[in-house]
Participant: 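My structure is below; once you've seen it, I'll send some questions.
Remember, it's 1-based here, ligands and their atoms both numbered in the order they're listed.
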Amino acid sequence: MQAIPATLVVRQEGDLLLVGLNRPEKRNAINDETLLGLEAVFTQVPAGVKCAILYGEGSHFSAGLDLSELQERSLVDGLHHSRMWHRALDRIQYGTVPVVAVLHGACVGGGLELASACHLRVAEESTFYALPEGQRGIFVGGGAAVRLPRLIGAARMADLMFTGRVISGEEGVPLGFSQYGVPDGTGLEKARELAGRIARNAEMTNYALIHVLPRIADASQSEGLLMESLMAAIAQASPEAKQRLGDFLAGRGKKVGE
Ligand code: 1HE
């Protein structure tokens, strides 16, 4: 198993796992070592962890792909490299725990691709989104062509790449880049609050949201509806669901919004 490189910091806080990109002097540009480290971290999430938070040390979330490693690559190497990104980011999207990303400063190129593989995004005001691939003469390769249109729409993604447009953290909330916009310096606190709520969900609910909901979104209507029924039947039959429903009916459960 790949060791955790110094370009990542990983620590457990109770049932939360905090994973920090830790290459601030290079604006958390993601080199192969960091990417393989992320794959390893999300492949071996310790037992007892119920939710993870991904953030960036320093003044930016991530400046994307480490461009210094790109120049030397052949066509075939480029293909394998992109597939390596897909494999690593799939470990995040389809792993064992929901992942909340905390964004600030640059969230560009591969940094935006990484954020898109997480399940929730909290953006501080300083956040800015861009896909400089368009200006660098390359194309996205870390899954953005699939994941980003589902968040912001294909036309908006194309605009970012055609024109080099930069979207601010605040603008990004209604556009779907993030679900939460927060003042600078408060992203981790908000993520901890959200992760704490997520960690209290029934395990089967979180599993369904990570693994089943995105597959339903990819499926035809009739297949999607069948998958929904199967998942609904499995979830409602679990002892945890029966307990939670019973608690509510006995007046012990929380009301909506509590
Ligand atoms: C880097 C990278 C990088 C910074 N690869 N080294 N991403 C980009 O095209 C974004 C390129 N970066 C920037 O536009 C700026 O660095 C930022 C706006 C993010 C930050 O600006 P600033 O003024 O805070 O930092 P800086 O002075 O530009 O950079 C500090 C150092 O980080 C400097 O190195 P130094 O040795 O001269 O100190 C930079 O070279 C280095 N650095 N960004 C390598 N990206 C799976 S495919 C995905 C394809 C992509 O992601 S393409 C988009 C790449």
Participant: Please work out which of G110, G141, G143 has its closest non-hydrogen atom nearest to atom 51 (O) of ligand 1.
Facilitator: G110
Participant: Going by heavy atoms, is D66 under 4.0 Å from ligand 1?
Facilitator: yes
Participant: Measuring from the heavy atoms of E25, does anything fall under 4.0 Å of ligand 1?
Facilitator: yes
Participant: Would you mind checking which non-hydrogen protein atom is closest to atom 2 (C) of ligand 1, with the distance to 0.1 Å?
Facilitator: A29 CB, 3.9 Å
Participant: Regarding S168 and E171, is there a side-chain donor-to-acceptor distance under 3.5 Å anywhere?
Facilitator: yes
Participant: Identify, by atom number and element, the atoms of ligand 1 in contact range of R136, meaning under 4.0 Å from any of its heavy atoms.
Facilitator: 8 (C), 9 (O), 10 (C), 11 (C)
Participant: Is there a donor in the side chain of D159 and an acceptor in the side chain of T163, or the other way round, less than 3.5 Å apart?
Facilitator: yes
Participant: Identify whether the distance between the nearest side-chain nitrogen and carboxylate oxygen of R147 and E113 falls below 4.0 Å.
Facilitator: no
Participant: Hey, which atoms in ligand 1 end up nearer than 4.0 Å to a heavy atom of E113?
Facilitator: 46 (C), 47 (S), 48 (C)
Participant: Classify the contact between P132 and ligand 1 as side chain, backbone, both or neither, using a heavy-atom distance cut-off of under 4.0 Å.
Facilitator: side chain
Participant: Taking NZ, NE, NH1 and NH2 as the nitrogens, is one of them in D66 or R23 under 4.0 Å from a carboxylate oxygen of the other?
Facilitator: yes
Participant: Under 4.0 Å from a heavy atom of A106: give me the atoms of ligand 1 that qualify, with their elements.
Facilitator: 19 (C)
Participant: Counting from 1, what ligand 1 atoms have a heavy atom of G64 closer than 4.0 Å?
Facilitator: 51 (O)
Participant: What is the closest protein heavy atom to atom 7 (N) of ligand 1, and at what distance does it sit?
Facilitator: A63 O, 2.7 Å
Participant: Going by the atom numbers of ligand 1, which of them fall below 4.0 Å from some non-hydrogen atom of G142?
Facilitator: 46 (C)
Participant: Mind checking whether Y94 and H211 have parallel, tilted or perpendicular rings, split at 30° and 60°?
Facilitator: tilted
Participant: Regarding R200 and D15, does a basic nitrogen lie under 4.0 Å from an acidic carboxylate oxygen?
Facilitator: no
